[in-house]
Amino acid sequence: MFVTRSRTVSSASILHADLDAFYASVEQRDDPRLRGRPVIVGGGVVLAASYEAKAYGVRTAMGGLAARRLCPTAVVVPPRFEAYLAASKAVFAIFDDVTPWVEGISIDEAFLDVAGAYRLSGSPAHIATGLRARVAAEVGLVITVGVARTKFLAKVASRVAKPDGLLLITPEKELEFLHPLPVVALWGVGEITADALAKRGVHTVGDVATLPVDVLSAMVGKAAGRQLFALSRNHDPRPVQVGVRRRSIGSQTALGRRRRSAAEIDALLIGIVDRVTRRMRAADRVGRTVVLRLRFDDFGRATRSHTLEMPTAGNAEVLATARALLAAAGPLIQARGLTLIGLSVADVSSPDAVQLVLPLDRAERGGTVDAAIDEVRRRFGSKALTPAVLMGSQLGFEAPMLPD
């Protein structure tokens with residue numbers, strides 16, 4: 001159950017607060033020897049990079065070998081998820097002290113509605129300034145804040161303000177700020193969609209705003225066209241929601257334009273399932289519905305799903321279901337090409353809420369193996385154990401999940 005509040009849409013009172021290079025910043029905070037040096041968290045795949053490493057072109061989800069070629073002087077450290085979780089909890093405690101209207105988006109970012117805090121705490125810009133100072137003083141981390149009238153624009157503002165910045169977009173300056181930005185500033189526009197729009201002379205958000213919704217829909221599909229039409233005008237009615245529970249846990253990988261073999265696609269799927277089930281077990285969640293999402297060369301999309309008899313967070317069960325869904329979509333992939341593959345597990349809940357059924361031995365064996373793998377990765381790093389098919393692979397990259 002979640003709570004929303006009615007709010008005055010004419011005020012810039014939504015904050016998007018985003019910790020800078022979070023994992024890497026925690027490592028630099030905790031080890032003074034790393035400060036000012038390029039730091040990469042994760043060896044096989046880059047989980048995070050400090051801004052010193054990003055200056056060399058290192059990016060999150062890049063293969064570790066490629067990252068070290070770009071930045072040979074980088075210090076590579078294994079992830080310490082307990083430290084990141086503790087830092088996140090400390091930051092969110094500050095959020096909750098600033099306003100009761102906090103919607104967590106991930107471990108290192110949140111939306112805050114401060115419309116009701118004017119009399120007590122001052123203007124949104126003043127509140128954001130104080131928030132940044134408190135996070136620096138009390139947690140030892142740098143946080144960037146965007147302030148705007150809508151959640152969409154607040155997040156764009158924080159992205160533009162990074163690193164270590166604060167940007168307020170007042171209502172009368174919204175389109176003046178938004179329209180000159182490249183089209184990739186809009187949610188849902190990746191490299192392939194941006195290239196397709198560029199071929200039609202659409203390069204900026206302002207270019208998108210000049211097009212009728214039916215023209216946009218003809219270019220990128222009906223749902224995406226409607227979304228781009230609305231966002232290019234900063235139409236985003238979603239309020240900050242308190243107490244939102246994750247309905248699903250997922251991951252997706254962009255493939256680019258090159259056609260992939262069936263073996264490559266299967267390897268990608270193995271990696272995605274491994275990420276998703278690890279996140280589920282880390283969050284102490286199980287789920288029943290496996291959802292496969294595909295995007296094709298022609299920008300069309302397809303979704304396939306299957307509901308399991310019993311909830312699970314087991315790698316083997318989810319992978320078997322995902323492979324069956326992928327096989328069923330084989331003719332579509334063959335005919336239309338594949339540019340993105342995503343998988344999520346929905347209907348998530350706590351394992352304690354699941355009634356056990358006989359036989360227990362199969363689930364117990366699978367759970368024991370997964371738990372042992374998780375413990376090895378926790379102690380020795382996320383790539384201490386890797387599916388053999390993914391060794392040395394740099395197929396695709398993990399892309400941000402699109403907002404609901």
Side-chain angles (χ1 to χ4, degrees), residues 18-85 87 106-108 141-142 144 159 162-164 184 190-191 251-258 260-261 263-276 278-279 282 340-341 373-401:
D18 192 0
L19 289 157
D20 292 350
F22 178 47
Y23 290 0
S25 294
V26 172
E27 298 298 338
Q28 290 178 317
R29 180 198 67 179
D30 293 349
D31 186 348
R33 296 171 299 175
L34 300 179
R35 294 171 190 171
R37 301 179 64 183
V39 175
I40 295 173
V41 179
V45 174
V46 177
L47 298 180
S50 68
Y51 280 97
E52 294 86 355
K54 289 180 179 181
Y56 288 85
V58 178
R59 295 292 181 267
T60 301
M62 176 181 288
L65 292 176
R68 288 190 290 276
R69 282 196 294 267
L70 288 172
C71 186
T73 61
V75 180
V76 180
V77 299
R80 298 182 302 129
F81 293 109
E82 295 85 354
Y84 311 146
L85 182 59
S106 67
I107 192 173
D108 60 349
L141 297 174
V142 174
T144 293
R159 188 184 309 147
K162 277 184 172 289
D164 193 13
V184 292
E191 178 185 350
S251 177
Q252 61 188 27
T253 295
L255 283 68
R257 295 182 179 277
R258 181 173 67 84
R260 306 284 182 169
S261 68
E264 287 179 304
I265 294 173
D266 185 65
L268 285 165
L269 187 65
I270 291 171
I272 293 171
V273 169
D274 187 57
R275 287 196 295 268
V276 170
R278 261 193 290 159
R279 291 170 184 171
L340 182 143
I341 180 170
I373 292 173
D374 290 343
E375 177 62 17
V376 170
R377 286 168 164 164
R378 186 189 68 80
R379 294 183 62 186
F380 301 107
S382 63
K383 291 300 175 181
L385 288 176
T386 301
V389 72
L390 299 179
M391 291 297 295
S393 173
Q394 295 184 28
L395 299 171
F397 61 90
E398 187 173 8
M401 295 294 288

Nearest 0.5 Å, please: how far is [atom2] in [Y] from [atom1] in [X]?
X: Tyr84; Y: Ile107; atom1: OH; atom2: CD1; answer: 9.5 Å
X: Arg275; Y: Ile270; atom1: CZ; atom2: CD1; answer: 12.0 Å
X: Thr60; Y: Ile40; atom1: OG1; atom2: CD1; answer: 10.0 Å

Item to check | Residues forming a side chain to side chain contact (heavy atoms under 4.5 Å, CB included) with Val77, sequence neighbours excluded | outcome: Glu27, Leu34, Val39, Val41, Val75

Checklist entry - Among all residues two or more places apart in sequence or in another chain, which pass the side chain to side chain contact (heavy atoms under 4.5 Å, CB included) test with Ala55? => result none

Next on the checklist: Could you tell me if the side chain of Asp108 sits less than 4.5 Å from the side chain of Tyr23, heavy atoms only?
Outcome noted: no

Checklist entry - Are the side chains of Arg159 and Asp18 in touch, meaning some heavy atoms are under 4.5 Å apart? => result no

Under the side chain to side chain donor-acceptor pair (under 3.5 Å) test, which residues partner [X], sequence neighbours left out?
X: Gln28; value: Glu52
X: Tyr51; value: none
X: Arg59; value: none
X: Ser25; value: none

For the residue pair [X] and [Y], what are the closest heavy atoms and their distance?
X: Arg29; Y: Ala87; result: NH1-CB, 4.1 Å
X: Ile272; Y: Ser251; result: CG2-O, 3.7 Å
X: Thr144; Y: Pro163; result: OG1-C, 3.8 Å
X: Val26; Y: Ala83; result: CG1-CB, 4.2 Å
X: Ala24; Y: Ser50; result: CB-N, 3.5 Å
X: Ala67; Y: Val58; result: O-CG2, 3.8 Å

Checklist outcome for this item: Sorted by chain and residue number, the salt bridge (charged side-chain N to carboxylate O under 4.0 Å, His left out) partners of Arg37 (sequence neighbours excluded) come out as none

